[in-house]
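Written below as C-alpha cells is the structure these notes are about.
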Amino acid sequence: MFIQSALLALSATLAAAVTPLEVQGNFFVNPKTNTRFQIVGVDYQPGGSAAFDDGQADPLSDAAACLRDAAIMQVLGVNTVRIYNINPDLNHDECVSIFNAAGMYLVLDVNTPKIAEHITSFNPWESYYSQYSNHTFAMVEAFKNYPNVLAFFSGNEIIDKIDTALNVPQYIRAVTRDLKNYIAKHSSRNIPVGYSAADVRDVLMDTFNYLQCSDPEDPGDMSRSDLFALNSYSWCGAATFQSSGYDGVVKNFTGSSVPVFYSEYGCNTPAPRIFTEVPAIYGSEFTSVMSGGLVYQYTQEDNNFGLVQLYPNGSATLLPDFYTLRDQYAKLDFSTVENVKATTGSTPKPPTCDPKLIVNPGFSSNFTLPVPPPGTDDIIEKGVSPAPKGQLVTLGDLTVKQVVRNSDGSTVTGLAVKALAADQSNQPGSNTASASTPSSTGTPTGSSPSSSASKDAAPRTSESSMAIVVTLVAVCISMFGAGTLL
C-alpha cells in the first residue's frame, strides 16, 4: 500500500500554493518578496447571471470546465480572475486548486441575483436582513482557506446613478463592516473587502470618497473599504491616454489610501478590439497610482465582449480578441511590472468622513450606518452553521480533455495547465501551448507545438512537490529495495 501511494504521487500534482497577498497602503503586496502586485486579469461568468438562476452550479464547481478555462487563461497570460455569482454551498476545492496551480488569484463577489443574496439599489433596507448576512458570511467560510483568494467585493454597481446614491452608500459600508468583522473573527488571515463601482461621472468620486474615508474617532473602522475598483469602458478603439480620460483617472486617484484597479475594462465599440489600453494600464504613469485591471470578459455572450466561445459539449473556440489581448500582454515587460518594490515611506492617510467630501447634491452625506440586522451579530460571534469548508486538494492529470480550437478551426494542441512552483503567479510566457493566431490565408500557423512548447504545456509538479515525491521514492527503496519498484 505504501509503494502504491508513492507511485500514485508520481502522477499527481501536489498543491503548491501561491503567496496570499496583502494590502499595504494603496497597493497589493507580496509579503515574501515585498514587491507590488499588478492585477492582469479577466472577468469570468460563463452564461452570465442567467446561468446561475437555479444556483445548482457556478463557474467554480465544474472541474473539467475549470481545467479547460484555466489552461486557456494561462496561455493568455492572466494572473487574476473575477467571478460574479457563486453558490457557497457547492464544493469548489478542485476548481480553486486548478487556478491556484496555474498561478491565478481570485476576486469574488459575495452577491448573486437570487433573492436574499444581494442588496437592492432602491430601498436597500428591505434587502438587508440576517438571511442575506448569512449568505455573505457563508461565502467567507467557503473560500477563506484558499490562499489564492485575493479579495471579496461587497457590491457591484449598486450605485449606478444619482437616484440610487441617497440611501445605498451607507448600506455598502454596513455590508463591508459585517464582512470584515466576520473575517476578523473566523479567518486565519485578513482577506480584503472592497467595492466594484460604476464609472459614472455623477457618482464615481463621491462613491470613492464615501467608501474610503475613515471615522477619526474609530481608528479601526471596519466599515471602510480595503480597496476600490471601477468598471470602466472609456478607452475605445485607437484612443490615447488623454482622449480616453486615463489622465483624469490618474489625477483623481493619486493619493488614494487604498488600492484602486479596473474590475472591468475593454470597450468593444469599434470592433474588433485592439486593446491598446493594455500598455497604458501597465505603464509607469498608470501603475504609480493604479493596480492593473480585469478585461470584460472571458466568455462570449449576447453582449459580444467574449474572448472565448464555449459550447454545450464542452469544446471551445478562441475568438479574434483572444489573440489580440494575448499579444498585448506578451509585449509587457513583466520584469518591471511584477518586480516593483513596495514603498517604505508613509502610508497615504484616508480622508476623514465628513459631509464636505461629497460634491454632488443627492449623494448621501450621512455617515451614520444602519446597525446589523437582528441575528447578524450572533452569526458573527458563533459562525455560519453548517459552515461550508474549502481547501486545496491534490490534482491529477492537468491535460485538457475537451477540444479547443483556434478561430480558423484548427485544434489547439498540447493544452494543459502548467503547474507553477510554490509562490509563483502566472504571467505571459508561463504556458506556451499552441494557441496560434490564424494567418491571413486561413491556414493555421504554429498549429503543431514545437518541442519546447510541448514541454511547457505538460503538467509538472512544483519544486517542493517534486522534493516530496523524491523523498517518498527514496523511503520505498530503503524499505523494500530498488527492485521492488520496478
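Treat the numbers as computed from the prediction; the structure is a model and nothing was measured. Below, each value reflects all heavy atoms present in this structure, side chains not excepted, and no hydrogens, waters or symmetry copies. Residues: numbered from 1 along the sequence shown.
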Quiz item: Can you name the one residue among Trp235, Tyr296, Tyr246, Phe253 that meets ring pair (Phe, Tyr, Trp, His ring centres under 6.0 Å) with Tyr262?
Solution: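 Among the candidates, only Tyr246 passes.
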Self-check item: Tyr233 ring center near Phe305 ring center (under 6.0 Å)
Solution: yes
Practice problem: Would you confirm whether the ring centroid of Phe228 sits within less than 6.0 angstrom of the ring centroid of Phe261? | Solution: no
Taking atom [atom1] as the centre, does [X] end up with more than 12 heavy-atom neighbours from other residues, nucleotides or ligands that are less than 6.0 angstrom away?
X	atom1	value
Glu217	CD	no
Gln328	CD	yes
Lys389	NZ	yes
Asn123	CG	yes

Quick one: do the [X] and [Y] side chains pair a donor with an acceptor below 3.5 Å?
X	Y	result
Asp221	Ser223	yes
Asp178	Thr376	no
Asn79	Gln427	no
Ser225	Gln212	no
Asn360	Asp202	no
Gln309	Thr317	no
Asp43	Gln297	no
Tyr105	Asn426	no
Asp377	Asn181	no
Asp58	His92	yes

Should the pair [X]-[Y] be classified as a salt bridge under the 4.0 Å nitrogen-to-oxygen rule?
X	Y	answer
Lys382	Asp378	yes
Asp215	Arg224	no
Asp423	Lys32	yes

Quiz item: Between Asp321 and Asn268, is a side-chain hydrogen bond (donor to acceptor under 3.5 Å, both in side chains) present by the stated rule, with each step listed?
Solution: CA-CA 10 Å; Asp321 282 358; Asn268 67 349; over 6 Å; no
Exercise. Output every pair passing disulfide bond (SG atoms under 2.5 Å apart) with a member in residues 167-208, not counting sequence neighbours, ordered by first then second residue.
Key: none
Quiz item: Roughly how far, to the nearest 0.5 Å, is CG of Leu106 from OH of Tyr146?
Solution: 9.5 Å
Quiz prompt | Partner of Asp109 by side-chain hydrogen bond (donor to acceptor under 3.5 Å, both in side chains), out of Arg82, Gln45, His118 | solution =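 Running side-chain hydrogen bond (donor to acceptor under 3.5 Å, both in side chains) over Arg82, Gln45, His118 with Asp109 returns exactly one hit, Arg82.
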Self-check item: Under 3.5 Å donor-acceptor, Asp354 side chain and Leu357 backbone
Solution: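 It does not hold such a pair.
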